[in-house]
Structures are given as structure tokens and as C-alpha cells.
Protein chains: 2
Amino acid sequence: MTRLKVTLHDVANLAQVSTATVSFVLNGTGKVSEATRQKVLAAVNHLGYIPDARARSLKSKRSNIISLLFSYSESSVTTSRYFRDITASVCAKASEHDYKVMVTLLARGKSLDEQVKEITHSGLSGGLIVPGPSPDEVNTLEQTLDHFPTMILSAVPQDPSLSYIDVDNRSGIARAVEHLANLGHRSIAYVTPIKTDSHAVQRLQGYREAMEAHGLGSEVRITEIPLQFENDAAFYPLLNSHPTAIIAFDDLRALQIHGFLTRQGLHVPDDMALIGFDDEDFGLHMSPRLTTIPQPFGQMGGLAVEKLIERVENPDLPPFHHIFPLQITLRESCGLAERIKL
Amino acid sequence: MTRLKVTLHDVANLAQVSTATVSFVLNGTGKVSEATRQKVLAAVNHLGYIPDARARSLKSKRSNIISLLFSYSESSVTTSRYFRDITASVCAKASEHDYKVMVTLLARGKSLDEQVKEITHSGLSGGLIVPGPSPDEVNTLEQTLDHFPTMILSAVPQDPSLSYIDVDNRSGIARAVEHLANLGHRSIAYVTPIKTDSHAVQRLQGYREAMEAHGLGSEVRITEIPLQFENDAAFYPLLNSHPTAIIAFDDLRALQIHGFLTRQGLHVPDDMALIGFDDEDFGLHMSPRLTTIPQPFGQMGGLAVEKLIERVENPDLPPFHHIFPLQITLRESCGLAERIKL
DNA sequence: CTGTTAGCGCTTTCAA
DNA sequence: TTGAAAGCGCTAACAG
């Protein structure tokens, strides 16, 4: 085990200075002559010294660790893309600011407030990001956090003292309806899973509002399908409502619908325009490629980290709130090319 | 800021014992009478005491944090499923053992050995998991780790002193070829991306070997397609080799091929059997549902954590090596039902 | 500009 | 069975 700890003392000894001086050099605090600075840096370099993060944090009462806590109660969190993009962007942005990220998945055994208390009280983390909490969980957070720097993702808490970043799901669906209406569609159907989390509610609401806004209030067609595909039964009502375009709650649903349409001998986009939501990887590999509403997960994660770090380092900052509007990514499944030729 | 720290001292004071005794109770070390134990536990409970992880680790020279370091150089790491399943299973299993997980994405600015040194020397982490390193990166690890408890995932290092867990990609492809051969196929084509990472090489090799093994050595048909789809050009050679079945390097490629076949008026599985690799979520939502070779990412992550923790807590254990064999998940895209009727 | 020193909160000998 | 006390490695007054 050659891996013995190199400490501040070793560096101080080698550089012939006190530990304080080394600390000053390393942290840029205090005034140190350039000559000593170089001596210290040389020693640090020579010994390959890396400060002990625990001791540093313990003493300074600061922490450059952010906890990322997935409660996993909201289905959107379980989509591959959400978990990957949020986690990756949080880690990347944190690393830019020399912060580390601890990822916690709420274990079945542990309650959210236990988990949060551990994060806020164990001293390791200086900040917390909670992606996709349910309204209940947001309540728990409001009561448990006690001013601990926190950023909530993909949810809007009642308590305005909590910072949050969310997307405007309604605007996404609105863009889809708008685009289809502009292409001349009137019978625009919406397919939603049977569930009532806030995103599903918002998207459904966005659909209704957008249809109204385009004078298509009487054309509203909503089909509920189960989360787990079993057979085509759930899709027949959709077809029976005779839409010319379908907006799906998400890309996975769109893929299912595409399969169903194919089985029915219907071609996308000639017989039916199709639009998804989320911009999953596979949408680009479908035939035709899937028009969809991307969510800016990467931006959300990055912004969350930036704004959180600001608040870790300056707890007096006011809470940060941001809602990203959503845009549509046009591909072939909504029949853009064909319709435009008409 | 009501969030003032409750320390061991506070607990000791309230329980009318020394801090040592409280520590003994909390850690199960030392002998403490049941009466004192209860007194201490009551005080802990009353104050909502949560130990400071930094101080604890600093003093005890132990750490219950595992670092998960994604180098992101191997493409398999970038698939949604890999990142999500490995990360999630690592976090879940770690949490069972009361360990925390720090996730690091190798930043563009930082070299792997810098990053590794920081992880191994900052004292925060007691162990390290590295998913999907390239051969070069494995070399770097071999030289940098210096006995730091580490588990390598999805790669097999030369140095047998490193612990690793991988899958047998060749066995996966072999299962696919075997199954197709049993269904009566002889013209079984393989589609591979143009790249030479070890997984791609292994799968290609597995295809060749399995074809030989079934007396189909002369039927080998390999088509290379670019990672990024541009147009159908790359797929025509595939069709010109007149296969009756296609095995794709991964599910994304299979989805692309499915689209191409559809555009060519060919139906899966009647005109062409199709098998993917990785078991991405969308395979279940395709029509027909995609037969595929799942990788046991969840098991890999869980096993990695368990074996790593053993070695964190007992560094003298020998390195752990494990290769998971791969099985095929049969769905409709390989035409099982139809062929069996024949 | 630099050194001395007192802890951060905890674990763990050692003595009682 | 319990307590006193010595640090783990570091930062940040405070002196000089």
C-alpha cells in the first residue's frame, strides 16, 4: 500500500512554510508573496498533494457536493431520457464549477423526509436538487428542508420560497395543435395515459385550450390508453373518432400508435399525422421520423446547478423560478412535406 | 436559520453520558449497558441527531461513499439504458448497504488519471466503479489506482489484479444465430456499426463463430452502417445479399432496419426475421415487438456494488471477476409463431 | 507577509 | 461498563 496520505503538513515541511501559508496558497485567501507561492506550488506538485475534502469541508463549513434526489414516484422520472439527461447535465455543470454530485434514489424502505434529513444534516451536501417530485412530496419538502439550498425540477411548489425549474407542457401541446391546424387538420386527437400526474394533466389541458384557441373546441377527441400495452382494444376508440392527426402523450405512446396504425393498414403521415412528446432517441430512427416536442432536460439540469450553487454560496439570494417554454421539432411523421405541396 | 447542528455533545449532554458512550451506542462498538443504551437512543431520537459524515469518515478512515466514474468514451455507455440501469442499480444496491454514490462524468477538460487521483485521494470515496472504459482507459486505471478498491464494468482488463464484471457478447449473438438456424434460416445477415470498440468486435466475432458452428460459414453476410443515419444507401448492400433474417448490432439499428424494410415493402417477420440487442424500452412498443438480447445491466450494477463493498471493507480479498452469459428474449419480430406452424 | 493555534465533529485508545 | 483525551486534516482568526 504505497497509497499513504500526503497532508498539508508534508507540503508545508517540504516548502519550508507553515500549514496556514499552504492553505492560503491553495485557497487564494490571505496574502502570500509570489516567491512563497511558487515554493508551495512546487511542493504541492512534487508530492501530488490532493486536499482531504472531508477535513476541508468539516472545518470550513462549506461543501461542494450537491445531492440529486430522485423520488421515482412520478412516471416521467422513469423515462430513460429524463434520468440520463438530468443526471448527466447536472454532473457536467457541477463539474464545471468544481462541485461533486451525489445521486440518491429514494429507497422503498426510506421515507422522503428521512432521506432529506439525512442529506441536509450529514454535512456532506451543500445543496439539493429534486427532480420530478409529486405534489405530496413537494409538501414534505416544504416542511423538511428548513432553508437548505434546494432546487425542484419538473414541479411547481405552492410555497414560493422554494426554487424551481419546470417546463410549460401546455405550450408544447399548443405548438403541436397549432402546427397541425396550420397544415389544415381539424380532427386532431389526443392520446393520454390513464394517470393524473401534473404533467399529464397539463398536457391534456394544453390540448383542450389549444383546440379551443383554434376554433376546434368541438373537434376534441381524447383517448385514454393504459400505461402497459396489452392489445389493440384501447386503440379502436381512437380510430372510431376518425381523426386525421394524432398527438400522443409521449414518444413511446406515439410508437405504439404507429404500430397500431400500420396493423390497420394506415400509413403515417399520408393517412394520419402523428406527433410525440419528449424527443426520445428512437424517434429519429423511426420511419417516418417522429415529430415531437423535446423537453430541454439538459438545460434544466445545467440551470438548476448554476442557480443552486449561487444559493449554496449565498443563502440570502431570493428563490429562483423558471419555466421553459416548449417548441416543436418538425420531422416527417406530421406530414409537413406532403401537406405543404398541396 | 433554525438549522443549527446537533452534535454528539448535545446528545451526550442530554443523555448524561460521555460522547464516547454515544459513539459506542451508535456504532455498536464497545460494551454499553442496556439502560444507558436506551437513554442514549432516546436522546438521539429526541434531538433528531444525524451524525456528521465528514467527521466520522475523517476520524475513522472509512468511507461509505462509492464513486461511479463514467468515462463516456465507449459508445455503449451513451445509450440511455446503460447509463440509467447501471446508475440506478448501483444507487439502489448501495443504498441497501447504507452507502452513498457520487457520480462523475469525465469532463472534457480533465484527464482520466487526474480524475481518478482526485477520487482516490480526496478521502471522500472508499471505492470506485468504472463502467465501460476503453482499453486505453483501462491501462490508465491500472497505473493510477494503486490498490484503491475498484470495479470495472463492461470491460476486461489485462491486469488480473483488477476486479471486473462484463457480459459475454458472443454468447448473445450465438443465441440469436442458434434460434434463427433452428427456425430454418440459413441466410442470416449481421448489421454492425462502423466502429471497433470491444463490444462491437465481440458481437461480430460471435456472429462469425456461431454461423460456422451451425455450418453456415459460407452464408456469412456482414453490412456496415454508419452510426448516424443519413439515407437508405447503406442498407441496400444488406438487401442485395438476400438474407431471410437480420441480426442487428443493437435495438436502435434494428429499428432503423425495420423502417427501411417497411419502405421496401417488406414485412417483419413474414418477409424478414429481425433481432436486436440491448433490450431498449421501445422494443416492446414496436410492431411487431422486437426480439432482442438483453444485457443484465441491473444485475451487473448490483453485483458490482456488492463485490466492491466487500473489498472496501476488506482490502485483502482477491479481485472479483465475472462474465454474465447472455440469453435471448423472444418476441414476434423473429417470426417464432409463424415458422413454428410450418 | 507569515506562523501559531484553536478547533470542526467524530472515533478510539487507554484508564478508571 | 464508562469517561477523558488525543487527534483525523484542514481553515481561519489572531499575532507578529
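The sequence lines fix the lettering, A, B, ..., with proteins before strands; numbering per chain opens at 1. Computed from a predicted model, the values in this text were never measured in an experiment.
- Nearest approach of Ala304(B) to Met151(B), heavy atoms of both residues: CB-CG, 3.8 Å.
- Listed by chain and number, the residues in a salt bridge (Lys or Arg N to Asp or Glu O under 4.0 Å) with Glu306(B) are Lys93(B) (sequence neighbours excluded).
- For the 3.5 Å distance criterion, the side chains of Asp159(A) and Ser161(A) qualify, holding a donor opposite an acceptor.
- Closest to the side chain of Lys31(B), out of dT1(D), dT2(D), dT2(C), is dT1(D).
- Ring orientation note: the planes of Phe297(B) and Tyr82(B) are nearly perpendicular, at an angle over 60° on the 30°/60° scale.
- The main-chain N or O of Asp98(B) is never found under 3.5 Å from a side-chain atom of Ser95(B) such that the two would form a donor-acceptor pair.
- Distance CG (Leu124(A)) to C1' (dC8(C)): 14 Å, rounded to an integer number of Å.
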How would nucleotides 9-16 of chain C be written as a contact map, 5' to 3', with B for base contact, S for sugar-phosphate-only contact and - for no contact, using protein heavy atoms under 4.0 Å?
BBBBB---
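- The CG atom of Asn13(B) sits 11 Å away from the P atom of dG3(D) (whole-angstrom rounding).
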